[in-house]
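Just below is one structure, and these are the notes that go with it.
Quick caveat, the model's predicted, so the values are computed rather than measured. As the structure lists them, so they are numbered: ligands from 1, and atoms in each ligand from 1.
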Amino acid sequence: MNHWIAITRPVSRSISNCELTQLERIPIDLENARRQHLAYEAALCSLGVEVLSLPEEPDLPDAVFVEDAAIVLDECAIITRPGADSRKPEAESIARALAAYRKLFTIQAPGSMDGGDVLTVDKTIFVGLTGRTNQSAIEQLQTSLAPFGYSVHGVPVSGCLHLKSAVTQVARDILLINPAWVNETNFPGYEFIEVDPSEPYAANALLVQETLLYQPAYPRTLSRLESAGIHPILVDQSELVKAEGALTCCSLIFRV
Ligand code: CIR
């Protein structure tokens, strides 16, 4: 039987100093952010996922976004080298936590990669080429994962922070996508649900086994999901959205 684990980390007290790429800085209510993050963890628990919450990293503003520090596959985990210098120290504690579960590979300089740029669908891995993730890291990923039968594909992305700001998996063969930020031709063989054009940030959804977690902030895109027979659990992340966070970025989910 599969047992699922989600590694998470509390919202840092320094979250107001987070990295920002696309958004203007506006105040973040720490208490509300922490409340919403607890609700996110509770939603994962309700799906039978064991949540392993690491200690807070008070001096690393973006440390709640654990997704960016690693990619966890069935066979191994890749410790990334996050693209923003302020975020590079986040990887050390994630590596320590994952070492108990997986053989680790580590992206080396000059490579840099954020897990938010990595979309894994079965044995196919799409990697966004962004301000955070470069070609050297993609090549290192390819080399590390070839023995396990993964194919790795670089994907041009523009207008957003990460590949998974623009596209995520919402069902077996269905991708939720903002075609203004990434081209559908990069994903041959998949069906697409496009975000409503008035909700550009709506493409980030978190698929946990068969269940989708989604944000209530995107009602028009939610209708499109529901029309396709997808009925998500709604999790409000409005506070961390101000830090350019989304649903996938707050956990590293894997089976043991
Ligand atoms: C950053 O710019 O790195 C953070 N403020 C937001 C990271 C969000 N990560 C993600 O979506 N995977």
Side-chain angles (χ1 to χ4, degrees), residues 6-30 33-34 36-37 40 44 54 56-72 77-91 94 107 112-120 125-134 137 141 155 157-169 176-178 181-182 195 200-208 213-215 217-218 235 237-254:
I7 290 181
T8 62
R9 179 146 52 196
V11 181
S12 304
R13 62 199 68 183
S14 55
I15 182 76
S16 299
N17 300 324
C18 65
E19 295 285 337
L20 287 177
T21 306
Q22 303 292 336
L23 299 182
E24 293 295 317
R25 197 170 296 278
I26 55 173
I28 296 174
D29 179 333
L30 177 62
R34 286 186 165 165
Q36 291 181 345
H37 190 59
Y40 172 88
L44 293 175
L54 302 182
E56 183 196 350
E57 290 277 9
D59 301 325
L60 298 178
D62 283 304
V64 63
F65 303 123
V66 291
E67 168 184 65
D68 291 318
I71 298 135
V72 190
I78 314 299
I79 305 303
T80 65
R81 190 169 166 272
D85 284 344
S86 72
R87 302 202 57 194
K88 287 184 170 63
E90 293 174 27
I94 298 288
I107 300 291
S112 73
M113 176 173 280
D114 280 8
D117 278 319
V118 180
L119 174 65
T120 303
I125 302 188
F126 302 99
V127 187
L129 275 159
T130 64
R132 300 289 176 87
T133 298
N134 62 21
L141 193 67
V155 176
V157 177
S158 66
C160 59
L161 176 59
H162 287 134
L163 175 67
K164 279 189 283 193
S165 319
V167 59
T168 56
Q169 184 185 16
L176 178 63
I177 193 164
N178 179 343
W181 290 344
V182 68
V195 300
Y201 288 91
N204 188 276
L206 176 60
L207 187 61
V208 183
L213 268 55
Y214 198 62
Q215 293 202 62
Y218 311 119
V235 180
Q237 277 207 315
S238 55
E239 218 50 61
L240 287 181
V241 164
K242 299 174 188 170
E244 290 187 34
L247 286 164
T248 59
C249 54
C250 291
S251 56
L252 283 165
I253 301 181
F254 53 93

Is the shortest N/O to N/O distance between [X] and ligand 1 below 3.5 Å?
| X | answer |
| --- | --- |
| D68 | yes |
| D114 | no |
| R132 | yes |
| L161 | no |

Please table the atom pairs, donor to acceptor, closer than 3.5 Å between any side-chain atom in residues 15-22 and protein atoms at least two apart or in another chain.
| from | atom 1 | to | atom 2 | distance (Å) |
| --- | --- | --- | --- | --- |
| E19 | OE2 | S86 | OG | 2.6 |
| T21 | OG1 | R132 | NH2 | 3.4 |

Logged contact type for H162 with ligand 1, heavy-atom cut-off 4.0 Å, is side chain

Mode of E67 contact toward ligand 1 - side chain, backbone, both, neither (heavy atoms, under 4.0 Å): side chain

Under 4.0 Å from a heavy atom of D62: which atoms of ligand 1 are those, numbered in the order shown and with their elements? 4 (C), 5 (N)

Just jot down the ligand 1 atoms closer than 4.0 angstrom to any heavy atom of A243, in number order. 4 (C), 5 (N), 6 (C)

Just checking, is any N or O donor in the side chain of N204 or T168 under 3.5 Å from an acceptor N or O on the other one? no

Show your working on side chain to side chain contact (heavy atoms under 4.5 Å, CB included) between L213 and L44 and close with a plain yes or no. CA-CA 9 Å; L213 268 55; L44 293 175; 4.1 Å; yes

Under a 4.5 Å cut-off applied to non-hydrogen side-chain atoms, are I94 and R9 in contact? yes

Derivation and outcome, side chain to side chain contact (heavy atoms under 4.5 Å, CB included), residues Q237 and C250: CA-CA 10 Å; Q237 277 207 315; C250 291; 3.5 Å; yes

Please evaluate residues I7 and F254 with respect to the criterion side chain to side chain contact (heavy atoms under 4.5 Å, CB included), reporting the C-alpha separation (whole Å), side-chain torsions for both, the decisive distance (0.1 Å), and the verdict. CA-CA 9 Å; I7 290 181; F254 53 93; 3.9 Å; yes

List the closest protein heavy-atom neighbour of atom 8 (C) of ligand 1: residue, atom name, distance to the nearest 0.1 Å. E244 O, 3.3 Å

Give me the residue, atom name and distance of the protein heavy atom closest to atom 11 (O) of ligand 1. C249 CB, 3.2 Å

Taking it one step at a time, do H162 and E67 satisfy side chain to side chain contact (heavy atoms under 4.5 Å, CB included)? CA-CA 12 Å; H162 287 134; E67 168 184 65; 5.6 Å; no

Run down the list K242, E90, R87 and name the one with the heavy atom closest to atom 7 (C) of ligand 1. R87

Taking S14 for the side chain and P58 for the main chain, is one N or O donor matched with an acceptor at less than 3.5 Å? yes

